[in-house]
Amino acid sequence: MSDFKSLPGFREFYPEALAQRRFLFQVWRQVAVRFGFREFDGPVLESLELFKAKSGDEIEGQLFSFEDKGGREVSLRPELTPTLARMVGAQANSLKKPIKWFNIGDNFRYERMQKGRLRCFTQLNADILGEAGPAAEVELISLLIQTLQGFGLGPDDFYIRLSDRNLWMLFLKSRGFEDAAPRILEVVDKWERMPEEAKAKRLIEIVGEDGSTALRKAIDGFLETKSVEDVLSTFASASVKSDLKVQIDARIQDWEYLTSGLEAMGLSQFAEMDMSIVRGLAYYTGFVFEAFDRAKVNRAIAGGGRYDSLVKKMGGPDMPAVGFGMGDVVLADVLAERGLQPKFVSTIDIFAVIGSDVERPIALSDINLLRQGGFSVDYSFKSQAFGKQLKVASSSGARFALIYGSDELEKDEVTIRDLANRNEETASRSRLLSLLREKLG
RNA sequence: GUGGCUGUAGCUCAGUUGGUUAGAGCAUCGGUUUGUGGUACCGAGGGUCGCGGGUUCAAAUCCCGUCAGCCACCCCA
């Protein structure tokens, strides 16, 4: 074993593993293009400030950051969104709206690795910018669903949890918790995992002893919300000021637009309203959603949401935005568990079997022509028995073996052997290329 | 960052209460086979038993440390 190991959390891809990896990318790219998204990319290394500005100092401990030789504080990107927001912001006026972009790229986090979590992972990011209404969410969530379907995953395998930070804010306002709302959402984010006493304690810290019981009841009640009808009844029971009422009604209309849009696409079975999703990061402003593995609780395959203020924060104009990310690590695990990761066999078109060093120059000449002609051709580097070479030919996955023996070359011919059915025919070397073009189409 | 479990060949694993030169299957390479391939047979290469220290006449085996991996927390863009 070598003393030079790869770094923790960084993977090596041998050809077979790389083939599987490229399969993921291929499906990602194919579906995104089908939805009219355009591929872009940004730098892998950015200034540390870019990520600190967006996510806050707390995140810094997980950044893969260091000082470069010019004394700059830099970081490998932990996510693509800040870069995207900056890029779009810089050319916002000249870009056609809505902007539908996607990226497949490596991201980095410096943290302890575990299942589904490495220090270098690849994410599909898909974002729509310049569309403030829920039509963008319909498009993005349907892209997310169709992508997962593209891998053979169905409604028994995953579902989308839909939530809404905006609706949470309106709800908390309507119950009189407006000022503490951001801090309350932080608690809601961890609600499922928190022990009872911890919940009570945190709520008292936030709103004090008096309000905490009512708040507790409100949160538990709102978490039960499973449909637009539930939302309606939640707010119907509350007496709220008229300007707030207008906002709530507008938001309910957005929800109706979103759910009916997904229904029209035939995707209702995949989507569930689940207000427990608020997503940790502060930059989400509206709808948030996650794709969950049905087989394992608490395993998110993808997640995203709306971040309407980020482009402006990155120095651009006001520009609404929504997007999601899907990592390759969890996805590959999910596919492997379900046997949906195809087995890739490398194949070539033609394997040349060369009788001896006498025939070799002629064979090499043909091999080069066939390769120039677009065929993938392989051959044995050293002289070996015919049987041995045919064995190699067969395990190479080639469709045809070309046999360059002394008998054939006397007549300036080669034997074309179909490796599947073992039929042979002879062909003159001058016709070889056109004949193989017919056979291999 | 915290805790638990696990490290023997490329892979999956044997290896007895500590006792000769650490094994098997698969894989790889070579041969049986300079004119015909999925089988078969024969053979070869491949290991500092994760690494370092300790106990012992003797350590893959027992002890300590360390590194790595897995799992659960924490966190999750």
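Order of the sequence lines fixes the chain letters, A, B, ..., with proteins taken first and strands second; residue numbering starts at 1 for each chain.
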Rounded to whole angstrom units, what separation is found between the [atom1] atom of [X] and the [atom2] atom of [N]?
X: A:Arg117; N: B:C71; atom1: CZ; atom2: P; result: 13 Å
X: A:Arg77; N: B:C76; atom1: CZ; atom2: P; result: 21 Å
X: A:Gln384; N: B:U36; atom1: CD; atom2: P; result: 15 Å
X: A:Tyr379; N: B:U36; atom1: OH; atom2: P; result: 24 Å
X: A:Glu16; N: B:G10; atom1: CD; atom2: P; result: 17 Å
X: A:Phe10; N: B:A68; atom1: CZ; atom2: P; result: 13 Å
X: A:Glu111; N: B:U2; atom1: CD; atom2: P; result: 15 Å

Would you state whether a donor and an acceptor, one from the side chain of [X] and one from the base of [N], lie under 3.5 Å apart?
X: A:Glu408; N: B:G35; result: yes
X: A:Gln389; N: B:U36; result: no
X: A:Arg422; N: B:U36; result: no

In sequence, state the C-alpha distance, the side-chain angles, and the governing distance for A:Phe37 and A:Phe102, and then conclude on ring-ring contact (aromatic ring centres under 6.0 Å, His included). CA-CA 6 Å; A:Phe37 282 66; A:Phe102 78 100; 7.2 Å; no
Check every atom of [options] against the side chain of [X] and return the nucleotide holding the closest atom.
X: A:Arg109; options: B:A77, B:G35, B:U36; result: B:A77
X: A:Ile403; options: B:G35, B:U33, B:C76; result: B:G35
X: A:Gln114; options: B:G38, B:G35, B:A72; result: B:A72
X: A:Ser406; options: B:U36, B:A77, B:G35; result: B:G35
X: A:Lys190; options: B:C76, B:G37, B:G3; result: B:C76
X: A:Lys115; options: B:A68, B:G37, B:C71; result: B:C71
X: A:Leu390; options: B:G37, B:C70, B:C76; result: B:G37
X: A:Arg112; options: B:U36, B:G69, B:G3; result: B:G3
X: A:Lys391; options: B:A40, B:G35, B:G69; result: B:A40

Regarding A:Asp407, tell me which of base, sugar-phosphate or nothing describes its non-hydrogen contacts under 4.0 Å with the strands shown.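 Counting heavy atoms under 4.0 Å across all strands, the contact made by A:Asp407 includes a base.
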Give A:Ala393 one of three labels, base, sugar-phosphate or nothing, depending on what nucleic acid heavy atoms sit under 4.0 Å from its own.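 The answer is nothing, as A:Ala393 stays clear of every strand by at least 4.0 Å.
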Span that lies between the [atom1] atom of [M] and that of [N], in whole angstrom:
N: B:G50; M: B:C42; atom1: P; answer: 32 Å
N: B:G7; M: B:U12; atom1: C1'; answer: 15 Å
N: B:U56; M: B:C63; atom1: C1'; answer: 12 Å

Taking the cut-offs as 6.0 angstrom to the six-membered ring centre and 45 degrees off its axis, would you call A:Arg299 and A:Phe292 a cation-pi pair?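 Verdict for A:Phe292: no cation-pi partner in A:Arg299.
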Row check, A:Phe158 ring normal vs A:Arg294 NZ/CZ: under 6.0 Å, within 45°: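 Cation-pi check for A:Arg294 and A:Phe158: fails.
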Contact under 4.0 Å: [X] side-chain N or O vs [N] OP1/OP2:
X: A:Arg279; N: B:A77; value: yes
X: A:Lys382; N: B:G30; value: yes
X: A:Gln62; N: B:C74; value: no

Give a yes-or-no answer on whether the side chains of A:Glu408 and A:Thr415 include a donor-acceptor pair shorter than 3.5 Å.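 Indeed, the side chains of A:Glu408 and A:Thr415 share at least one donor-acceptor pair under 3.5 Å.
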Watson-Crick/G-U partner (both atom distances under 3.5 Å) of [N]:
N: B:C75; result: none
N: B:C11; result: B:G25
N: B:U16; result: none

Between A:Arg183 and A:Glu186, is there a salt bridge with N-O shorter than 4.0 Å?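 Looking at A:Arg183 together with A:Glu186, the answer is no, because their closest N to O distance does not fall below 4.0 Å.
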Just by modelled atom types, is the A:Val377 backbone N or O under 3.5 Å from a matching donor or acceptor in the A:Arg371 side chain?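 Yes, A:Arg371 side chain to A:Val377 backbone: donor-acceptor pair under 3.5 Å.
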Is the A:Tyr307 to A:Tyr283 ring centre distance short of 6.0 Å?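 That pair passes the under 6.0 Å test.
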